[in-house]
4 protein chains.
Amino acid sequence: MSSVPSPKGRPRDPRSHEAIVSAAIELLIEVGYAATSIGAVAARAGVGKDTVYRRWRGKPELVFEAVFTTTDQAPIPDTGTLAEDLTALLQGLVDEFHAPAAAAALPGLLADFTADPVLKSRIRSDFLAPSKERLLVVFQRAVARGEIAADTPVDLVLDTLAGAVFFHVGLVGQDPDRELAGRLAAVIAKGIEIR
Amino acid sequence: MSSVPSPKGRPRDPRSHEAIVSAAIELLIEVGYAATSIGAVAARAGVGKDTVYRRWRGKPELVFEAVFTTTDQAPIPDTGTLAEDLTALLQGLVDEFHAPAAAAALPGLLADFTADPVLKSRIRSDFLAPSKERLLVVFQRAVARGEIAADTPVDLVLDTLAGAVFFHVGLVGQDPDRELAGRLAAVIAKGIEIR
Amino acid sequence: MSSVPSPKGRPRDPRSHEAIVSAAIELLIEVGYAATSIGAVAARAGVGKDTVYRRWRGKPELVFEAVFTTTDQAPIPDTGTLAEDLTALLQGLVDEFHAPAAAAALPGLLADFTADPVLKSRIRSDFLAPSKERLLVVFQRAVARGEIAADTPVDLVLDTLAGAVFFHVGLVGQDPDRELAGRLAAVIAKGIEIR
Amino acid sequence: MSSVPSPKGRPRDPRSHEAIVSAAIELLIEVGYAATSIGAVAARAGVGKDTVYRRWRGKPELVFEAVFTTTDQAPIPDTGTLAEDLTALLQGLVDEFHAPAAAAALPGLLADFTADPVLKSRIRSDFLAPSKERLLVVFQRAVARGEIAADTPVDLVLDTLAGAVFFHVGLVGQDPDRELAGRLAAVIAKGIEIR
DNA sequence: TGATAAACGAGACGGTACGTCTAGTCTTACT
DNA sequence: AGTAAGACTAGACGTACCGTCTCGTTTATCA
């Protein structure tokens with residue numbers, strides 16, 4: 001019935017965890033991903049380096065958790081039309097990628113994940129899984145409404161949406177382009193609709 | 001009306017240039033972008049580090065030139081329909097991003113370009129300019145044929161195409177998905193066509 | 001008349017003490033003094049680090065007790081001549097310094113004792129006191145026999161004997177030189193004898 | 001007839017060498033051998049750590065050179081009697097071991113040399129060779145004078161002298177004992193003299 | 001019998017040093 | 001002036017150990 005057997009030894013201090021994550025976010029914003037070293041994070045958090053390495057295998061894992069585990073999941077949009085649902089979904093992606101820490105971290109983070117075989121296999125699940133879940137629901141409703149075919153390729157659309165936002169927000173632009181979500185949603189919705 | 005004022009002293013050895021570029025490509029493929037240090041490139045090229053720094057400001061510039069200056073420009077596609085033109089264009093992007101050295105270099109390269117303000121402003125021109133030129137011609141023909149509106153947003157579409165390919169080929173997949181170009185082209189073409 | 005006031009709480013387990021000392025001796029022999037860390041000793045003894053620190057202030061104190069508290073005191077030699085008494089005494093020193101754990105520990109141990117002011121003041125008493133006591137007796141008998149003067153400097157002779165053995169056995173040689181004790185005793189005995 | 005073939009590349013800056021040695025001596029005196037880390041030496045010398053490791057394999061080698069390469073060799077004593085020659089020789093040893101940096105370094109240094117098989121084999125040559133050479137000359141003269149036998153064991157005597165001084169000056173005492181050299185010389189001289 | 005108190009195994013904690021690596025610059029002699 | 005070689009300062013890397021601390025648990029004495 002129970003589960004946790006018995007965590008021997010002194011338990012990890014949750015305040016260290018929090019201090020490290022906060023320090024990481026601050027440094028990402030102030031000096032960028034490349035200059036955010038584990039040592040600097042530990043120093044700012046008032047923590048030994050071991051205390052960081054005890055919780056995360058390296059910088060990529062730490063930064064990922066620090067930046068992409070807010071999970072303040074807005075409700076899955078349900079506006080009645082595919083185009084408007086996609087717009088809402090995309091606006092969420094834009095906001096997420098455009099947050100200061102995320103914008104500073106994303107390119108370097110994706111590069112580090114790509115460079116490590118173990119991490120690379122986790123990109124799809126770690127970065128895209130939440131969005132995919134939401135997109136699936138939106139698609140199911142659109143299928144029920146007869147707007148799109150039942151076999152519309154979710155992954156392809158998701159890569160396209162995420163890739164477009166990443167290029168626009170993460171790499172090229174500094175301004176989020178207030179109409180980006182709506183315009184991109186319109187193109188994609190029309191592109192996958194039946195007829 | 002020449003220009004170069006006066007190339008005093010010993011001229012630069014073009015064989016060094018070539019040896020450096022070759023060494024860089026080899027290292028990218030063998031050890032990846034992160035482990036491809038200027039020192040390692042110089043050593044493999046049988047060249048001093050200064051000889052590298054004399055020609056390139058740093059690793060990103062060197063790698064960019066080594067990987068993305070093949071310019072074996074295939075002719076701009078002209079198949080008669082927007083969808084097929086886009087397919088051809090996309091296939092070019094897929095092939096370019098999927099080449100061994102490019103695939104190894106791209107994520108880290110984009111991250112380094114993004115991290116440096118000077119380089120960041122060059123991403124659009126350095127990476128996307130050639131494709132944009134070709135896409136513009138394709139669009140002009142499609143406008144003439146009455147397939148798309150004259151004010152179809154080129155940059156938006158280009159970011160979408162490039163982003164989709166980058167996510168699919170560079171980050172996630174190891175197999176290029178032989179139908180990617182066609183399927184993506186179909187969606188986008190339909191999404192921007194009139195009616 | 002009483003003595004122990006009141007040992008409240010759980011008493012210290014004598015088996016821990018013994019296990020720690022044994023583990024320390026093993027590690028000294030296997031990996032040397034420098035690599036014999038408190039953590040490693042505790043781990044091998046199956047004991048928490050605090051259990052070690054509760055009994056000893058640090059590595060030097062622990063190692064000293066582990067290595068130099070055998071006190072299997074042979075009887076004070078009484079052969080009838082100073083030279084032979086010294087030979088026996090010296091052979092004891094050689095055997096003590098040449099024991100595996102002692103040989104491994106001595107140089108580092110003396111260095112750590114020297115580096116700490118509190119420990120430094122204890123070198124004479126901790127390391128040399130037993131030998132000094134024995135040497136004093138030997139000297140008293142030699143004085144009674146008229147071999148040496150009553151004011152022969154014990155400390156000077158003791159430093160000389162111990163220093164010579166330490167250099168020969170601890171620092172330089174791996175073989176104890178079976179004649180070392182006899183030859184050294186002969187020189188010193190003759191050097192301090194009257195006439 | 002020359003020899004040095006041709007030292008390619010930038011030559012090592014002798015000012016770095018000197019700055020490192022000076023910093024090492026200062027730190028030895030100020031914080032002792034154990035707390036004298038390579039990093040601290042480099043920082044005080046205004047030098048990168050690599051510049052230290054390029055010249056010395058580790059702390060023991062660096063400290064040895066910093067402390068024991070003064071070689072301000074006084075002339076070999078030639079007073080006419082063995083006892084007085086030995087006194088002069090011993091006074092040199094006392095002064096050498098009692099210099100601030102040497103006194104701070106010696107115990108830890110000998111411990112580190114002893115702990116490493118390669119360094120251990122160099123103790124006799126590195127630390128004792130100069131003294132042995134001088135002692136040999138003194139012995140030769142004493143043999144010529146008929147004071148000692150021709151086969152008097154130099155190494156044994158040298159170990160005894162050095163060991164005695166090390167114990168007295170390096171380990172135990174802070175005051176060099178102004179009469180130490182003379183008293184010890186008297187004992188040893190008498191101990192090895194013929195008759 | 002129950003409260004109190006110390007010892008115990010385990011391991012987290014803030015620090016510090018290790019020896020290696022890379023960045024980008026500088027200094028040789030040679031071409 | 002370009003070149004190959006390699007030294008230079010600076011600082012990050014991930015590991016190890018230090019001596020202290022905080023858990024849950026055990027074992028004793030005292031009330």
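A note on names: the letters A, B, ... follow the listed sequences, proteins ahead of strands, and every chain is numbered from 1.
Under the rule for a side-chain hydrogen bond (donor to acceptor under 3.5 Å, both in side chains), R55(A) has no partner lying at least two apart in sequence or in another chain. Residues meeting the side-chain contact (heavy atoms from CB on, under 4.5 Å) test with A99(D), sequence neighbours left out: A102(D). Every residue two or more places apart in sequence or in another chain was checked for a side-chain contact (heavy atoms from CB on, under 4.5 Å) with A115(D), and none qualifies. R54(B) pairs by the side-chain hydrogen bond (donor to acceptor under 3.5 Å, both in side chains) definition with nothing, not counting sequence neighbours. In this structure, A43(A) has no side-chain contact (heavy atoms from CB on, under 4.5 Å) partners at least two apart in sequence or on a different chain. The side-chain contact (heavy atoms from CB on, under 4.5 Å) search around A101(A) returns I25(A), I29(A), V67(A), not counting sequence neighbours.
Remark: P of dC18(F) and CG of L62(C) are 11 Å apart, rounded to the nearest angstrom. Between the C1' atom of dG6(F) and the CZ atom of R10(D) lies a distance of 9 Å, rounded to the nearest Å.
Taking every heavy atom of residues 14-35 of chain D and every atom of DNA chain F, pairs under 4.0 Å involve S16(D), by number. Non-hydrogen atoms lying under 4.0 Å from DNA chain F are contributed by S37(C), I38(C), G39(C), K49(C), D50(C), Y53(C), all within residues 36-61 of chain C.
At a threshold of 4.5 Å between non-hydrogen side-chain atoms, the residues L110(B) and F127(B) count as touching.
Of the residues near DNA chain E, G9(A) and G9(D), the one whose nearest nucleotide (by heavy atom distance) lies more toward the 5' end is G9(A).
The nucleotide range of DNA chain E contacted by chain D, defined by atoms under 4.0 angstrom from heavy atoms of the protein and reported 5' to 3', is dA17(E) to dT28(E).
Sorted by first and then second residue, the salt bridge (charged side-chain N to carboxylate O under 4.0 Å, His left out) pairs involving residues 27-36 of chain B (not counting sequence neighbours) are E30(B)-R44(B). Counting only residues at least two apart or in different chains, salt bridge (charged side-chain N to carboxylate O under 4.0 Å, His left out) contacts with residues 100-116 of chain A are absent. Within the structure, ring-ring contact (aromatic ring centres under 6.0 Å, His included) pairs that include any residue of residues 6-60 of chain D comprise H17(D)-W56(D) (at least two apart or interchain).
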